[in-house]
Amino acid sequence: MMRRVTFISLCLACMSGWVGPRQALALDRYYCAVDDARLKLVVEAAFREDPGWPLAHMRGIVLFKPGRGQRLEGQVDIAAANVKQYWRDGETLRLYTSTPSGEGQDALTIGLKLESSVTADDLNRFQGTYAVSVRQSGQTAKPVEVTGPLTCSRF
């Protein structure tokens, strides 16, 4: 009898949410990529399907290709903590980040701007532009900027 009561209590606790798996979050996920002559860029972002579509997750990498007649070389990791502004609705996706890199005199601030809109023929495909700006930290001089076309997919 005691086992039956314990089993029934455990079942009730699981059904009420006290114990066991939690409700899964519904997320709208995006993957954006660029591979052009100057850089490789990959960004993954997920937005919670709640009012305002809050950003739930974001990570990315910018890899500057060497030997392209530019000073920019190396890899920069981008995390959700670097996001300064974002926008997501049914037709557009925008992300703006600012990421510190390096130390001392080599310290840089890398800005990333992704702007894309859904294509007319596929609701899960977004096209737009990217802009990566690199500025010496603490300087007001015009940053070095790399821009180009961007493709994103919703999955």
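Predicted model, so just to flag it, every value in this text is computed and none were measured. Here, residue 1 is the first one in the sequence, and each next residue gets the next number. Basis for what follows: all heavy atoms, side chains included, without hydrogens, waters or symmetry-related copies.
- No donor-acceptor distance shorter than 3.5 angstrom exists from the side chain of R59 to the backbone of V42, with no hydrogens or angles considered.
- Taking 4.5 Å as the limit, every side-chain heavy atom of W87 sits out of range of all side-chain heavy atoms of L93.
- Not counting sequence neighbours, the partners of T109 by the side-chain contact (heavy atoms from CB on, under 4.5 Å) test are S98, S137.
- Separating the CD1 atom in I110 from the CG atom in N82 is a distance of 9.5 Å, to the nearest 0.5 Å.
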- Task: Output, in order, the C-alpha distance, side-chain angles, deciding distance and verdict of side-chain contact (heavy atoms from CB on, under 4.5 Å) for V83 and L55.
- Result: CA-CA 9 Å; V83 174; L55 184 65; 3.8 Å; yes

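- Residues L39 and V146 have side chains in contact (heavy-atom distance under 4.5 Å, counting atoms from C-beta outward).
- Taken to the nearest 0.5 Å, the CZ atom of R38 stands 10.0 Å off from the NZ atom of K65.
- Nearest heavy-atom pair, L108 versus Q136, reported as atom, atom and distance to 0.1 Å: CD2-OE1, 3.6 Å.
- For R88, the side chain to side chain donor-acceptor pair (under 3.5 Å) partners are D28, Y30, not counting sequence neighbours.
- Summarising the geometry, atom CG belonging to L41 is positioned 10.0 Å from atom CG belonging to D35; distances are rounded to the nearest 0.5 Å.
- Counting only heavy atoms from C-beta outward, the side chains of E91 and S117 never approach each other to under 4.5 Å.
- Within the 4.5 Å cutoff, no side-chain heavy atoms of L114 are placed close to those of C152.
- The line from OH of Y86 to CG of L95 is 10.0 Å long, rounded to the nearest 0.5 Å.
- In this structure the side chain of C32 reaches within 4.5 angstrom of the side chain of L150, judged on heavy atoms.
- Here the side chains of I78 and L112 are in contact, with some heavy-atom distance below 4.5 Å.
- Residues E44 and R29 have side chains not in contact (no heavy-atom distance under 4.5 Å, counting atoms from C-beta outward).
- M58 is listed as a side-chain neighbour of V43, based on a closest heavy-atom distance under 4.5 Å.
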Under 3.5 Å, sequence neighbours excluded: what are the donor-acceptor pairs made by side chains of residues 120-133?
{"unit_1": "D121", "atom_1": "OD1", "unit_2": "T119", "atom_2": "OG1", "d": "3.2"}
{"unit_1": "D122", "atom_1": "OD1", "unit_2": "N124", "atom_2": "N", "d": "3.0"}
{"unit_1": "N124", "atom_1": "OD1", "unit_2": "R154", "atom_2": "NE", "d": "3.3"}
{"unit_1": "Y130", "atom_1": "OH", "unit_2": "D36", "atom_2": "OD2", "d": "2.5"}

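- Taking CD from Q75 and OG from S101, the interatomic distance works out to 10.0 Å, rounded to the nearest 0.5 Å.
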